Amino acid sequence: MLERIPSVIDVLVPQASTYAGDIDGLFTIILVSVGIWFFASEIVFFWLIFRFRKKDGVRAQYVSGEKQSEKKWVTYPHLAILLFDVLIVVAAVRVWYDIKQDLPPAERTVRVIGQQWAWTFVHPGPDGEIDTADDIAKVNELHVEVDRLHHYKLESKDVLHNFSVPVFRLKQDAIPGRVITGWFTPTKTGEWDVQCAEICGVGHGLMGARIHIETAEQHAAWMAQESPLQLAANAAQKQEEE
Amino acid sequence: MSDATAESVAEEHVHHPNYTRIYVILLVLLVISVLGPMLEIRIITLLTAFGIAVVKAYLVVKNFMHIDIAKRYIAYLGATSLVFMLLFFAGAAPDVMKPDGSNWEKPLWQQTGVDITANPEHAAHGEDGHGDEHGEDHAEDGSH
Amino acid sequence: MSARPIATTRSAAGMPTGRLAVWWLIASEIVIFGGLLASYIMFRLAHDMWSEQAAHTSTAIGAFNTFVLLTSSYFAVLGHKAAEEGDGPKAARYLWYTFAGGATFLAVKSYEWTTEILHGYTIASNTFWSFYYTAAGLHALHVLAGIIIIAIIAVAARRNEELHRVELIGIYWHFVDVVWIFLFPLLYIAK
Amino acid sequence: MAQTIPADVPVHDEAHHEESFWSHYVFSTDHKMIAMQYMFTGIFMGLIGGFFAYAFRMQLAFPGVEVPLFGVVSPNEYNALITNHGAIMIFWVAMPVLIAALGNYLIPLMIGADDMVFPRLNRLSYQIFLVSAIVLLASFFVPGGGFAGAWTFYPPLSSTAEYSLTPLGSSLFVVAIALEFAAFLMGGINFIVTAMNSRAPGMKLYDIPMVVWMIVVASVLFMLSVGPLIAGAVMLLFDQNLGTAFFNPERGGDPILWQHLFWFFGHPEVYVVLLPALGVVAEIITVFARKKLFAYRTVLYTVFGTGVLSFTVWAHHQFVAGIDPRMAHVFTVTTLLISVPLAEAMFVYIATLYGGSISLTTPMLWALGFIATFLIGGVTGIFLGASGEDIYLHDTYFVLAHFHYTFFPIAIIGFYAAITFWFPKMFGRMMDERLGKIHFWGTIIPFNFIFIPLFVLGLAGQHRRIYDFTNYPDLAAYQPIRVFATISLLVMFSFQLVFFYNFFKSMFRGPKAPKNPWQANTLEWTTESPPPHGNWKELPTVHRGPYEYSVEGRESDYWPQNEPA
């Protein structure tokens, strides 16, 4: 629903996951709701400064603001703000529920491991399961297939890290001693930044990775090329040649 | 100003409770709170240990610290700080107290309860036995 | 004594300044101990196996120390009563009894800790022991601060000076007592 | 004497003695001198914090360049710079200047008392604060350098030397912060008790000037929220140095616990520094609009409401930090709820201008500038409090720009408003209005030019605390925006020279200030400028509220609180 609202973030960062549109739509909703109040307040504010600037012979009025007829000028707006807040809460909670709390069944699972100062991504091999012999572990390189619902299992080996993929609008801290599960479904092929968004020591600034969103064919080809079985075979072949 | 000071001085000359009686009650409660847990029944342990702690604290605060004579807002102040601590507990406990939650788990949970390696005396004391409900923990400890 | 400002002698809130300040101090102490104990309780409820560790604390020593603190509190309140009656030397005497209680508490505590550390239960052994030493240690620091102040006040009270301070240190001392009343079951009894 | 002084209380007589330099400036127990000590220490720390900002902004705009006066910024130095910039600006600038300096200076003067209730405790509070500042500064020079794990010092990075690589720096950082808390606890108790007990005869609760209320409520918030973090700081110190494992998950601890302990304090802390600034603004706009504060009681209730609510919102800093997702719903609701009292406070201030006679003096410009810019900080907070949106915006430059739009108005604009307003009282001389206005425009315009671009960078997905964005292919293209923000910062800094010139020139050469240069009502304007030791020869009595301006049927448009009817 929210993704149909025009987005301002989209101009800067493409949307590459199913829920990116929701977050961008939510941004627009909040922008409009608070924007109205912000501009209204600033306009009234500057108008009052101009209108009631000091003039010779004009005295200020004595307004206590304690009378109901006067107080309504701040009471009504603040009730209206409460109303806008409710709207924002409802929208925000829905988006949050979909992204963080609800966990649709996975088609693929990747393990994401943060450590000082690199990301290790454990991809399932051709068998589609992680924690098996044909897992493909890559450093700072995440390969996912477009339009597949991925679960990530996020871990940290040492300090706090944060797995952030701006094109997905996704962010989650990695906590040592915890495994946090989340999900995403890529919708657009391409290659973008993955950042660490929680300070993790000297190398925090260098702890970037790249996400490669590939079509099914590209992904299969990559998997075939990188699978441990294939790599072992290549190595054996190389040895033979020597 | 002087009248306010006089007033506060007057306030101090209030009826003093019988301190000795309170003290004896406190000692009796102390004995109960020590004896209660010896029955090794969990509910009685909790009641005698913590229930009596609350009663003792109440007696001290009321009769020794004279909170009932002090201005009312002092009691509210103390209550407020306690309520905020409850709030803190309520906000933090879902993360800290639980082995797992919505979409997260702590895989190290089971093995980290007792860090035996840093505890040389454990072998000697571990076999004492402390009630059956801890049987599992012993098994857990044995694996280290 | 330096000059006391007129501000200190006013009591627009209906309470002598010193007593008001002690209560605010106690409120701030409640949240310090509260934060620590809330953290402890979270861990404690989470880890059933800690009772295994808690079993190595000495309930007898803990109970004796509770007795000592309750008794010292009793003397403190008797001192307060004496001070209100204007009997400085009597108040001072009771304060010294309180002082003796606090000192006994610390002596017993030192013996207890020495024994435990010699048995290998150090602050780093396990998170139960970390909380045990941190909470009891923070409390012991308050006892230490308390008896130092008690000594200072007792010396003045003997000369019938600053008698209102007997009440103030008393309130603080009772608070230290109350904290121990909760620490005792939390650290010693619950097993 | 209007005061009947109990016989056993010695009267101030040492004020008439010649005081030595040491007892007058260093070991003084006079609240005004302690306020000055806090203020100048705060300004000094502010210069250091500002210098840090200069160094790391230069690095961001021109990566790898040799920054003049600093040198090449290494990654670890960069992290240390941002960490200590944050910590200094909040704990060693905003807190001492807004709470301690203003509280010390204004509370006794505004409630008609001769000093704080515990002058020696007050002095001790400053001395501990000074030690904490020295410990922090010392931490930059120990082996390994200053702590570099962000001002929130999350463990395990802060608790484990092999991760942070700053073994001594991290411990000293924690010690400095703990000492600072101890100092402000003492100061806070002093403020609260003074305001509760030592009000001038006749001053009822609703006659207390708003800034005093605000400082007192802020002190209460500080006192009730800092406890868990003091306990946490002790636990962290033990983790660092004694081998405990409170926050170490491998041995049964939990790093999330720290985040709760920290933010349970950290969020009320925002209001701790905000409220005094709001109070300053209330004093100034009423004086220069010649208006009664609109709905005094409503303001007070919004302040109490904000204070209570501020204890219930802390985990919105941790939405994506690994807390249970279900908890986020609760904290979203409370966070958005807190916008209501604050919006109301803003509305009240704007409503106060209605029907006024507004003269745009320098302090008034700062106060109005506060409202205009703080509104931006306020509304951008809504984005971050909404859990769903925070997934994307958390820890981006959007957050950074947001809280600079709150903290800059609070700490910097609030300070300038207060200092230009009370300068005549503090130093007995007037500041230069023309220089003041140049300084105002030279600060407020570049300030917006620094941070509005950073909102855009945040929306583009740029994260905080990264020392060189050109390493990120998707972010490298935004370099011109970073350069623009840095140049704006340089412009803003250079205009601060105008302030310091004005400040020191006026302090020694400015025209003598009368007792009440702004024709204000509150009690501090009824004594000499600067007030003598003991503040008044005869302590005042209060007859009315602090904001009786332009009362109908009176010839003069102000009505001092102490003037009998």
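Excluded from the calculations below are hydrogen atoms, water molecules and symmetry mates; all remaining heavy atoms, backbone and side chain alike, are included. Every chain is numbered from 1 and lettered A, B, ... according to where its sequence line falls, protein lines coming before strand lines. Being a predicted model, the structure only gives us computed values, none of them experimental.
Although no hydrogens or angles enter the test, the distance criterion places a donor-acceptor pair under 3.5 Å between the side chain of D:N197 and the main chain of C:M15. The closest donor-acceptor contact from the side chain of C:T127 to the backbone of D:R251 lies under 3.5 Å. Without hydrogens or angle criteria, D:D114 side chain to C:I6 main chain gives a donor-acceptor distance under 3.5 Å.
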Inset, instruction - Could you please spell out the steps behind the side chain to side chain contact (heavy atoms under 4.5 Å, CB included) verdict for C:W24 and D:V220? - result: CA-CA 9 Å; C:W24 277 103; D:V220 175; 3.7 Å; yes
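Of all the listed residues (D:P228, D:G232, D:S198), the one sharing the greatest number of non-hydrogen pairs under 4.5 Å with chain C is D:S198. Chain C forms more heavy-atom pairs under 4.5 Å with one residue of D:A195, D:P108, D:A231, D:S225 than with any other, namely D:A231. Among C:L20, C:L25, C:L36, the residue making the largest number of heavy-atom pairs under 4.5 Å with chain D is C:L20. Note: D:V117 leads D:L257, D:V117, D:I111 in heavy-atom pairs under 4.5 Å with chain C.
Contact of the D:F246 side chain with the C:T134 side chain is registered, since non-hydrogen atoms from C-beta on lie closer than 4.5 Å.
Contact record, D:F118 with C:A21: CE1-CB, 3.4 Å, taken as the closest heavy-atom pair. For the pair D:L242 and C:A124, the tightest heavy-atom approach, listed with the atom from each and the gap, is O-CB, 3.5 Å. The nearest pair of heavy atoms linking C:S28 to D:M223 is CB-CE, 3.7 Å. Residues D:G112 and C:R10 approach most closely at O-NH1, 2.9 Å, considering heavy atoms.
Of the atoms belonging to D:D254, heavy atoms from both backbone and side chain fall under 4.5 Å from chain C. Neither the backbone nor the side chain of D:T194 comes within less than 4.5 Å of any heavy atom of chain C. Heavy atoms of D:M203 lying under 4.5 Å from chain C are absent altogether. Of the atoms belonging to C:F131, heavy atoms from both backbone and side chain fall under 4.5 Å from chain D.
Residues of residues 89-104 of chain C never come closer than 4.5 Å to chain D when only heavy atoms are counted.
A distance of 10.5 Å separates CG in D:L229 from CD1 in C:I32, rounded to the nearest 0.5 Å.
Summarising the local packing, OH of C:Y111 is surrounded by 12 or fewer heavy atoms from other residues, nucleotides or ligands at distances under 6.0 Å.
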